[in-house]
A.B. asks: 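Sharing a structure here in structure tokens format.
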Amino acid sequence: MEIVSTKAALKEAVRKFRDNGKSIGLVPTMGALHEGHISLVRKCLEENGCCVVSIFVNPTQFNDKNDLLLYPRTPEEDCRLLEEAGCDIVFTPEVKEMYPEEDTRVFNLGPVAEVMEGKYRPGHFNGVAQIVSKLFYAVEPDNAYFGEKDFQQIAVIRSMARELGLDGINIVAAPIVREKDGLALSSRNRRLSPEQRKIAPKIWETLCKSCKFAESHTVAETIRFVTDTLDATEYLRVEYYEIVDGHTLMPVREWDGADYVVGCITVFCGDVRLIDNITYKRN
Ligand code: PAF
């Protein structure tokens with residue numbers, strides 16, 4: 001496994017694989033790797049001749065300075081896990097390598113970037129588009145892998161790729177990986193106290209219960225069921241729960257309002273912001 005920290009070295013490392021006829025897969029990450037990331041790496045290795053993983057805590061996507069400061073960083077452990085998984089190239093740039101000057105690009109990401117996370121984390125998706133586009137230009141991957149926990153992020157990245165004419169890059173969405181008790185794996189889970197960690201699986205448990213509830217209730221009632229149940233639980237506070245069309249991310253008012261219906265949630269568990277989602281239907 002080759003570890004590089006400049007774009008020039010990255011391009012050179014990738015070129016050797018491409019010259020040998022290998023397809024290139026990219027897994028962009030912010031480090032603090034867990035089994036969810038490793039499942040993306042495995043999928044990437046199955047589907048490509050070369051797997052590149054980037055580890056970079058991207059400052060432009062944090063609209064909260066404290067969140068950026070507290071974001072977990074475990075570079076040695078990350079490299080150990082990647083080596084074990086069989087990754088070919090790890091890219092670990094410093095901030096000034098990715099942003100030698102301020103990135104003033106403002107993307108026109110459309111409505112998919114304005115709802116939910118877009119409303120609560122202004123500027124977040126523009127920052128994601130900035131860094132992912134830089135990684136796409138540097139690696140020029142055939143396939144790029146993202147986890148479905150960040151359901152909206154995938155739609156935003158597809159929109160960014162279309163806007164920049166990078167639609168030759170196949171964007172692959174991979175299923176959420178969960179702990180045995182249902183909690184979606186996230187680098188942020190490490191920040192939960194033992195008491196909060198015990199409570200956090202209630203998020204997925206409630207989303208699962210809402211599927212049964214939805215069989216005999218309206219969309220609005222189901223939203224209320226989820227929010228009221230979680231808000232009544234110690235440590236938990238729902239920021240939003242929206243039931244949306246899985247393609248457009250626009251709110252759905254009736255269960256038959258779309259053929260792909262997804263519930264997207266953000267919940268604070270203490271001061272740790274957790275996100276998750278559930279599919280109600282997909283025809
Ligand atoms: O999902 C993430 O970890 C980040 O948003 C990403 C895609 C690596 C961009 O910094």
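Positions are given from 1 along the sequence. Atoms within each ligand, like the ligands themselves, are counted from 1 in listed order.
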A.B. asks: Restricting to side-chain contact (heavy atoms from CB on, under 4.5 Å), what partner residues turn up for P122, sequence neighbours left out?
C.D. replies: N63
A.B. asks: I want to check something: taking the side chain as every heavy atom from C-beta on, are K209 and T229 in contact at a cut-off of under 4.5 Å?
C.D. replies: no
A.B. asks: Does R105 come within less than 4.0 Å of E163, counting only side-chain N to carboxylate O?
C.D. replies: no
A.B. asks: Side chain to side chain donor-acceptor pair (under 3.5 Å): which pairs involve residues 86-95, sequence neighbours left out?
C.D. replies: none
A.B. asks: Which residues pass the side-chain contact (heavy atoms from CB on, under 4.5 Å) test with A174, sequence neighbours left out?
C.D. replies: L40, K43
A.B. asks: I'd like the atom pairs linking ligand 1 to the protein - N or O on both sides, separation under 3.5 Å - with distances to 0.1 Å.
C.D. replies:
{"from": "ligand 1", "atom 1": "1 (O)", "to": "Q153", "atom 2": "NE2", "distance (Å)": "2.8"}
{"from": "ligand 1", "atom 1": "5 (O)", "to": "Q61", "atom 2": "NE2", "distance (Å)": "2.9"}
{"from": "ligand 1", "atom 1": "5 (O)", "to": "Q153", "atom 2": "OE1", "distance (Å)": "2.7"}
{"from": "ligand 1", "atom 1": "10 (O)", "to": "Q61", "atom 2": "OE1", "distance (Å)": "2.6"}

A.B. asks: Quick check on side-chain contact (heavy atoms from CB on, under 4.5 Å): which of H34, R178, K149 does L185 satisfy it with?
C.D. replies: H34
